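Numbered from 1 within each chain, the chains take letters A, B, ... in sequence-line order. From a predicted model like this one, the values you see are computed outputs, not experimental measurements.
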Protein chains: 2
Amino acid sequence: MVTSTVPYSRPLHNLEYSGEHAPSTPPSLVEEACSALERIGCDLKKPAKSIVFRQGESADFIYFIQSGALRLDYQLEDGRNLVLDFLWPGRVLGIVENDVYAWSAIALVDVHLKRLRRSAVQTLAQNYPGITDLLLKQKTASLMAAKNHIILMSHPTATSKLIGFLLDYSKQPEYFNQATQVLTLVMSRKDIADYLGMTFETTSRIFKYLETKNYIKKINHRQIQLNTRMLLDP
Amino acid sequence: MVTSTVPYSRPLHNLEYSGEHAPSTPPSLVEEACSALERIGCDLKKPAKSIVFRQGESADFIYFIQSGALRLDYQLEDGRNLVLDFLWPGRVLGIVENDVYAWSAIALVDVHLKRLRRSAVQTLAQNYPGITDLLLKQKTASLMAAKNHIILMSHPTATSKLIGFLLDYSKQPEYFNQATQVLTLVMSRKDIADYLGMTFETTSRIFKYLETKNYIKKINHRQIQLNTRMLLDP
DNA sequence: CGAGTATTTGAGCAGCATCAATAAGAGTGG
DNA sequence: CCACTCTTATTGATGCTGCTCAAATACTCG
């Protein structure tokens with residue numbers, strides 16, 4: 001049941017965030033840092049729906065996503081649950097928080113993680129400057145994701161929010177089939193709603209609306225064929 | 001006209017973000033880094049409403065805010081303007097973007113900045129590990145601000161968004177008088193609206209509503225006395 | 001003081017939330 | 001493999017919140 005469907009173990013040097021020019025650290029140092037991290041990391045597989053860490057827990061570990069997908073949840077005092085982000089391979093969990101995790105991480109599908117003790121990473125960072133560099137890039141990636149999230153939430157209508165979400169999501173090669181244009185949703189209607197700031201009934205209704213307008217075609221609840229041209233157009 | 005009302009020049013070592021435990025770098029290194037940065041930085045004063053940098057411009061400089069307040073604007077293709085953040089002394093501008101600035105920075109009041117050439121900071125960072133550390137902390141600060149922003153935008157009603165905004169804002173000591181409980185708004189109704197994802201008419205109406213409920217008392221358009229206890233209660 | 005900008009206020013409507021009921025899928029054990 | 005249960009998704013009816021367009025008022029700055 002916990003058996004992952006992952007065919008191969010992704011090497012850590014795929015983690016580098018390419019959205020920023022390498023500032024001063026040469027690539028060799030980053031590679032060195034990755035292999036150093038690889039040595040102290042341990043492989044960890046978690047089944048779908050399992051919790052990797054909980055908001056408020058002592059933040060002892062950081063995790064590199066090798067494969068799969070996760071959801072970051074933030075529990076509000078008023079009882080609402082907010083989805084802060086969806087995470088894909090190449091991203092890192094647990095580097096932002098200080099002594100305790102500021103949010104929870106939940107596996108959406110079976111995931112393959114590399115777990116590293118935070119203190120070990122910090123010790124290692126003293127000898128490998130590439131590590132700090134890598135963490136800096138990961139934080140930039142988180143920040144850009146947050147900016148994107150804010151832009152999505154600022155859209156005036158639920159329809160444009162959802163269209164923006166689908167277009168962003170379709171950039172994930174493991175869940176969007178370019179040939180068939182079919183997007184596999186790894187998250188529920190409620191997850192999407194909690195991410196975009198709406199109710200899951202509205203999410204469902206907008207999916208329906210998009211189908212009547214031929215923007216999308218529902219294969220089943222979790223498989224949706226996109227009409228990318230039309231979604232990008234209006 | 002460009003004369004700043006700032007009484008003193010804030011030393012750079014006030015910049016350290018205290019929300020995270022110092023990982024491994026001892027404080028002495030951070031101080032060293034700050035004085036090194038101080039040497040290559042040049043003082044810059046900008047009047048209220050002036051643009052520090054524009055979205056899309058070549059990101060040659062980073063700025064440390066010594067005093068004043070700024071607004072980060074993101075221009076969308078559809079013509080809407082989004083306020084991504086309000087920045088206060090101690091924060092840094094321009095470290096997130098890569099080769100071009102991803103958003104614009106506008107002075108809300110007269111500001112005093114320390115301007116540093118990005119390339120010079122990168123060169124200096126090779127000798128002073130504290131610099132990378134400081135940048136890492138600043139990115140964490142940006143990310144936490146973004147998380148807060150997302151939480152605010154997720155609130156179900158415009159009233160709770162605005163209350164959340166006022167409570168967050170009242171943490172700024174230079175604009176909230178603890179004794180009189182008066183908050184000085186450095187931003188317009190439209191700025192607040194563009195930050196929270198609503199129209200400025202709604203912002204105005206909610207201010208009115210909060211006054212009728214005795215949650216706030218308007219001294220004038222830009223001076224508002226808060227009834228903090230009532231705002232925190234419901 | 002006057003022109004331009006920011007804010008307030010009003011009326012009407014559209015979109016989304018709420019509550020509620022049904023339908024479709026997924027998971028489980030016989 | 002099927003029947004049963006539990007979860008997830010859809011659909012419906014209704015009311016309220018906040019948007020739109022429009023006008024009036026307050027404030028700012030030269």
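- In this structure, the side chain to side chain contact (heavy atoms under 4.5 Å, CB included) partners of E57(A), at least two apart in sequence or on a different chain, are F53(A), R54(A), Y101(A).
- With no hydrogens or angles considered, no side-chain donor-acceptor pair links D85(A) and H149(A) at under 3.5 Å.
- The existence of a salt bridge linking D73(B) and R71(B) is confirmed by a sub-4.0 Å separation between a basic side-chain nitrogen and an acidic carboxylate oxygen.
- Put simply, T202(A) has a side-chain N or O that comes within less than 4.0 Å of OP1 or OP2 on dA17(C).
- When the C1' atom of dT8(D) is taken as reference, atom CD of Q223(A) falls 16 Å away, rounded to whole Å.
- Take the nearest nucleotide of DNA chain D for K49(B) and for T159(B): the residue whose nucleotide is more 5' is T159(B).
- At least one side-chain nitrogen or oxygen of S204(A) sits closer than 4.0 Å to the OP1 or OP2 atom of dT10(D).
- An angle of 60°, rounded to 10°, separates the two end axes of the helix from dC1(C)-dG30(D) to dG30(C)-dC1(D), each defined over five pairs.
- Side chains of N227(A) and N214(A): no donor on one and acceptor on the other come within 3.5 Å.
- One can place CZ of R189(B) at 10 Å from P of dT9(C), the figure rounded to the nearest angstrom.
- If you check distances only, the side chain of R222(A) never reaches the base of dT7(D) with a donor-acceptor pair under 3.5 Å.
- Look at K218(B) and you'll find a side-chain N or O under 4.0 angstrom from OP1 or OP2 of dT8(C).
- The base of dG12(D) sits with one of its N or O atoms less than 3.5 Å from a complementary donor or acceptor on the side chain of R205(A).
- Under 4.0 angstrom from either OP1 or OP2 of dA17(C) there lies at least one side-chain N or O belonging to T199(A).
- To the nearest angstrom, C1' of dA9(D) lies 15 Å from CG of D194(A).
- Atom CE in M153(B) sits roughly 15 Å away from atom P in dC16(C) (whole-Å rounding).
- Among residues two or more places apart in sequence or in another chain, the side chain to side chain contact (heavy atoms under 4.5 Å, CB included) test is passed with S142(B) by L143(A), R91(B).
- Within 4.0 Å (heavy atoms only), T203(A) reaches no atom of the nucleic acid at all.
- Here the side chain of R118(B) pairs a donor or acceptor atom with the backbone of G94(B) at under 3.5 angstrom.
- Put simply, NE2 on H221(B) is 8 Å from P on dT9(C), counting in whole angstrom units.
- With ring centers used as reference points, F176(A) lies 6.0 Å or more from Y169(A).
- The phosphate of dT8(D) has neither OP1 nor OP2 within less than 4.0 Å of any side-chain N or O from K190(A).
- Residue E211(A) contributes atom CD, which lies 14 Å from atom C1' of dT11(D) at whole-angstrom precision.
- A straight line from CE of M198(B) to P of dT7(C) spans 14 Å, rounded to a whole angstrom.
- As rounded to whole Å, 12 Å separates atom P of dA20(C) from atom CD of E201(A).
- In this structure, F207(A) reaches neither bases nor backbone, as no heavy-atom distance under 4.0 Å exists between it and the strands shown.
- Put simply, the side chain of L183(A) does not reach to within 4.5 Å of the side chain of Q223(A), judged on heavy atoms.
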